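What you are looking at is a predicted structure, and each value in this text was computed from that prediction instead of being measured. Whatever order the structure lists them in is the order used to number ligands and atoms, beginning at 1.
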Amino acid sequence: MVDAPLFLRVPDPMGSLIAAHDWGRTPLGPISGWPAVLKLSVSTMLRSAVPMTLLWGETGVLIYNSGYAKVCGKRHPAALGQSAFDVWPDYRDFNRSVVERSLAGEALAFDEQELSLNRNGEPEQVWMDLRYSPIADEDGRFCGALAIVLDVTERVLGQRRLQESETRFREMADHAPVMVWVTNPTGHCEYLNLNWYAFTGQSLGEAAGFGWLDPIHPEDRGAAEAAFLAANAAKAPFRIEYRLRRHDGAYRLVIDAAAPRFDPAGTFLGYVGSVIDIEERRESEERLRESEARFQAIANSVDQMIWSTRPDGYHDYFNDRWYSFTGLPRGATDGERWNGVFHPDDQERAARTWRRSLATGDPYHIEYRLRHASGEYRWVLGRAQPVRDQTGAITRWFGTCTDIQDIVDAREVLAKSRAQLEREVEARTEKLMVAERTLRQMQKMDAIGQLAGGIAHDFNNMLAVVLSGLQLVQKRLARGDTNVGAFVEGAMDGAKRASALTQRLLAFARQQPLEPERLDLGHELADLQELLTRTLGSRYQIEIRTEPVWPTLADRSQFENAVLNLAVNARDAMPEGGRIQLRARNAPAGSAPAEGGGAAERDYVLVEVEDRGAGMDEATLARAFEPFFTTKPEGKGTGLGLSQIFGYVRQSGGFVRARSEPGVGTVVSMYFPRDEAVASPPSAAPDRA
Ligand code: ADP
Ligand code: MG
């Protein structure tokens, strides 16, 4: 290889390639004959860092540097010294025009010229920035063009990609189901998707900058703006909720969330954010909360314990009643831990039943003991039922526990042997009877004491009369005085009275010898008119009213005695005199009062004695039938009248009643039972004694 001319001695390896080229076969001729302008141009070009080539002469002969050699691909090195028209047949016309215009002195520039270069066997799409500068010699004649060829394919493709991605983003964002927005680092809104405009009804102009804040509810706007600006300053992600006005004026709750964007160098670029209408979600959440609250209220208002599990049987809910029964803290029985509340003897059985229900989906129904807060175990009825979804799959189990300890206790009591209960009743009855006997004995003793006291007192008086009479008789006889008739009479009188008292006592004791006979008490009463008038005196009118009455069996003289006694009592109640009415009539079954209250079941004949006298107060009436009870002065009353009548009527199978009112009067009624025996002829009646 010949030594390269000086102007070709450059670092670019193209220098030596050019030097070695056989230029004699080109229109340029050997290098030695090249004009100075060509040499200078080649030398300048070879020292340039950008791809350059010369298009020399009318055929545009190519002389280029290493940069351009790369652009030529496989066409290099054959392209060196060839006409540009031949090297790039696809661009022959283009190059012709360039050469022509350069030789005319025109500078040309083509930006991002799209070319399809066939340099490696197949066409290649490239973009180039082309600059052509005309070259003139010292005489001002244009002899070629210097071309700078910059491959900008990467840049163009990058821009295209960017544009494409921008378009994609817009399309995506505009058709996103949510509202999307983009801000720049200063917080100004640069983009809002179609959804935003459709939702708010804002126009592009209205939303620009900070206009997008306008449709926010006035009460929320301040907080929303502050939150956004604070996040923007901190370049931090944010998430805020506010009410956003819809085009129809309705406010809807939305979530506005955004993440800051940074470029690869970490520079803050602004935000891409989204706004989601959560009004429906909020409403349904509210409904859910309401229904949850309702469930809680119901679950906690019932007496039963309520619990719920997941489909796998994991306990995740218990109502308040459960916790108050067990006394355990909330959550303490979640999952499997509730087994600890079972009585150790019931645990295995309950767990088995529960596992079977979980496996089969059959309702659960079992009795077991649970530990109560008091530490005692109480019997509980456990029930559970699965809840299923539309496909029939179990989504949950709901169960209740009912405290049945009281029922279990009651069952036990029922199960107690009947004999035992009867024994208990017998024992108690026996005790009661003993108590009653004791009481009756005491009352009897009391009555006997009263009676004995009264009798002793009366007998003493009568004996005093007898004794004093006899003493006087004794004295007189001792003196030889036999005139003792009056004293013997007195003593006799006392003794007789004592005898009468004995009779009365016997009557009271129902042991007087009665001689009952079939009597018509109406007639008997009427027969007493004369005796009563005589006995009571003229100040008293005796009025006897009788109706035809049933026969009775009674002692005649005792009946007379009783009526007389009642009449005397009536007289005593009316010291100034007055009218005494005596009546006899039938009292059929149901009309007479029964002894224990209610109405008597049999027929009676009623004999009554009525006065309009002083009457008795309640206390006196209550004691009037008591033996020896009297309100009359000593010597006048014995207190044995009514008690004797009581005894007599009783002995005759009847009973006595008295009604009285102080200042109004008194009615004493004697009920004698009707003699049910078939009427017999009067001659068959027993003779009077
Ligand atoms: P006595 O006539 O000897 O007092 P009774 O047994 O006949 O005894 O009567 C008891 C008491 O009942 C009388 O003392 C009197 O207080 C009261 N009593 C009885 N009958 C009447 C009557 N018709 N009116 C008012 N009080 C009466
Ligand atoms: Mg009397």
Any idea which protein heavy atom is nearest [atom], and the distance to it?
{"atom": "atom 6 (O) of ligand 1", "value": "Leu642 N, 2.9 Å"}
{"atom": "atom 24 (N) of ligand 1", "value": "Ala573 CB, 3.3 Å"}
{"atom": "atom 12 (O) of ligand 1", "value": "Ala624 CB, 3.9 Å"}
{"atom": "atom 4 (O) of ligand 1", "value": "Thr630 OG1, 2.6 Å"}
{"atom": "atom 10 (C) of ligand 1", "value": "Phe629 O, 3.3 Å"}

Any ion pair linking [Y] and [X] (charged N to carboxylate O, less than 4.0 Å)?
{"X": "Asp493", "Y": "Lys496", "value": "no"}
{"X": "Glu547", "Y": "Arg585", "value": "no"}
{"X": "Arg355", "Y": "Glu348", "value": "yes"}

For this session: Fit a plane to each ring of Trp338 and Trp322, take the angle between them on a 0 to 90° scale, and name the class: parallel (under 30°), tilted (30 to 60°) or perpendicular (over 60°).
Result: tilted
Exercise. Of Thr631, Leu566, Asn569, which has the heavy atom at the shortest distance from atom 16 (O) of ligand 1?
Worked result: Thr631
Could you say whether the N/O atoms of [X] and ligand 1 ever approach to under 3.5 Å?
{"X": "Met616", "value": "no"}
{"X": "Lys632", "value": "yes"}
{"X": "Thr620", "value": "no"}

Seminar exercise, completed: Honestly, for Asp611 the part within reach of ligand 1 (heavy atoms, under 4.0 Å) is side chain
Exercise. Considering only heavy atoms, does Thr666 approach ligand 1 within less than 4.0 Å through its side chain, its backbone, both, or neither?
Worked result: side chain
Exercise. Under 4.5 Å between any side-chain heavy atoms of Leu642 and Glu626, yes or no?
Worked result: no
Problem set entry | Whether Thr630 has an N, O or S atom under 2.8 Å from the Mg ion (ligand 2) | no
Seminar exercise, completed: Per-atom filter on ligand 1: closer than 4.0 angstrom to a heavy atom of Gly639 are 1 (P), 3 (O), 6 (O), 8 (O)
For this session: Heavy atoms only: give me the nearest Tyr648-Ala554 pair and the separation to one decimal.
Result: OH-CB, 3.6 Å
Seminar exercise, completed: Shortest non-hydrogen pair, Asp334 vs Phe318, comes out as OD1-CE1, 3.9 Å
For this session: Decide if atom CD of Gln304 counts as having more than 12 heavy atoms of other residues, nucleotides or ligands within a radius under 6.0 Å.
Result: yes
Exercise. Is it true that atom CD of Glu367 has more than 12 heavy atoms of other residues, nucleotides or ligands lying nearer than 6.0 Å?
Worked result: yes
